[in-house]
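None of these values were measured; they are calculated from a predicted model. All ligand and atom numbering here is 1-based and tracks the order in the structure.
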Amino acid sequence: MYGNDFSAPNGAPDDASGGLLGEVEAAEAELRAAAARGRCVGPAPDEDLAAYFTEVVDAEQKIEPRDWMPDAYRRTLIRQIAQHAHSEIIGMQPEGNWISRAPSLKRKAILLAKVQDEAGHGLYLYAAAETLGISRDELVQLLLDGRQKYSSIFNYPTLSWADVGAIGWLVDGAAIVNQVPLCRCSYGPYARAMIRVCKEESFHQRQGYEILHTLAHGTPAQQAMAQDAVDRWWYPSLAMFGPPDGDSTHSAQSMAWKIKRFSNDDLRQRFVDMCVQQAGILGLRIPDEDLRWNDERQAYDYTQPDYDELMQVISGNGPCNRERMAHRRAAHADGNWVREAAAAYAAKRAGQKETVAA
Ligand code: FAQ
């Protein structure tokens, strides 16, 4: 973990992600324990492969790239991991927009490091997807052709410096709530990538929380800027968890395969409950008149996001979809010479090794 340069105010959770980091550590310990248990050596020669797959999943062990897996399981993982990787890469744009305008050298350095981390997350995830038999080049091409998705949230604009705080607190916060259970995903390479990603996301959420805390305790203009950012990012952040359970096409099967561990609505609820407490400490208001504690459910009642808007954004009609994709395509074209040079260098090195071996 990164250093701890921010003392949480009285009553704030030590970990701005609401103790989720402890769950990541527990998942990491479980991964090690699963590897140490019996059945991870592969099926016997005459064993039914589908039965072996089910047994491994039921026993909370990990499916590894060498293992047989149903085609639909492989396709689901490629879809989800690729969408996740693309989100990390496109997700660099809204905050990257503020690197040169961050209010101090310290803020600039922190934001630069955070945006670089997102690139790193994209790389871990593309690498995890490659273990399923598809290349990173193919995945990138699918994104550029508009045949694979990325998260709806990155199609909203960052209008003020406070938006960088709101992205950290709410967007990274939603990302962690969604991703901590993925540390226990049945596919080993994805679970392992998520453990590292979640540890870093926890730092990201904390930096956003600290930006908002500073603004919310600053001048009236700074307070207003922080509140305006939370007002604009709240509902798009709720929508990140996907359609409501009744409309989620993949949840039931993904949960049966232990790729997803909780439904979209369960995770959304967990996020709301976590944010209400933190908003109180920040001194910011969640923009929902109907938000109130429900004693019977032991959870907050809240207003759902606009799912028609989510579908519009997913289908390419959000405020910034065209701009984000145009930027990504231009960056890809600009980077062509780097890929060519790297390939030529790798070919040269391979040639040298052959000569030495001969
Ligand atoms: N945006 O049946 P479900 C981050 C699609 S990373 C776009 O419920 P599923 C870090 C879904 O793909 C954020 N599309 O689907 C960061 C499906 O379409 P398809 C990304 C969405 O997969 C922070 C259809 O709707 N995180 O933020 C969205 O079971 C700051 C039906 O939906 C991940 O990708 C959406 N919000 O559940 C970076 C986490 N929601 O493929 C930079 C991994 C749904 O059939 C800065 N992914 N769709 O055409 C997941 O956990 C899941 O894929 C869900 C969706 C929960 C997103």
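Neither the backbone nor the side chain of Leu267 has any atom closer than 4.0 Å to an atom of ligand 1 (non-hydrogen atoms only). Residue contacts with ligand 1, taken as heavy atom pairs separated by less than 4.0 Å, do not involve Met92 at all. When heavy-atom distances to ligand 1 are checked against a 4.0 Å cut-off, His250 comes that close through both its backbone and its side chain. With a 4.0 Å cut-off on non-hydrogen atoms, His204 does not touch ligand 1 at all. Under 4.0 angstrom from ligand 1, the non-hydrogen atoms of Met240 come from both its backbone and its side chain. By the criterion of a heavy-atom distance under 4.0 Å, neither the backbone nor the side chain of Ser254 is placed next to ligand 1. In Thr249, the parts holding a heavy atom less than 4.0 Å from any atom of ligand 1 are both the side chain and the backbone.
Within ligand 1, the atoms closer than 4.0 Å to a non-hydrogen atom of Tyr190 are 43 (C), numbered from 1 in the order shown. Less than 4.0 angstrom separates some heavy atom of Asp172 from each of these atoms of ligand 1: 23 (C), 30 (C). Of all atoms in ligand 1, numbered sequentially from 1 with element shown, those under 4.0 Å from a heavy atom of Ser248 are 2 (O), 3 (P), 8 (O). Counting the atoms of ligand 1 from 1 in the order shown, those under 4.0 Å from a heavy atom of Ala239 are 36 (N). The ligand atoms of ligand 1 that sit less than 4.0 angstrom from a heavy atom of Gln179 are 6 (S), 26 (N).
For Glu201, the closest heavy-atom approach to ligand 1 falls below 4.0 Å. Every heavy atom of His121 sits 4.0 Å or more from the atoms of ligand 1.
Ring orientation note: the planes of Tyr209 and His213 are close to parallel, at an angle under 30° on the 30°/60° scale. Ring orientation note: the planes of Trp68 and Phe53 are nearly perpendicular, at an angle over 60° on the 30°/60° scale.
Taking 4.0 Å as the cut-off between side-chain N and carboxylate O, Asp137 and Arg339 do not count as a salt-bridged pair.
In this structure, a donor-acceptor pair under 3.5 Å is present between the side chains of Asp231 and Gln227.
For atom 7 (C) of ligand 1, the protein comes within 4.0 Å by at least one heavy atom.
Other residues, nucleotides and ligands place no more than 12 heavy atoms under 6.0 Å from the CD atom of Glu289.
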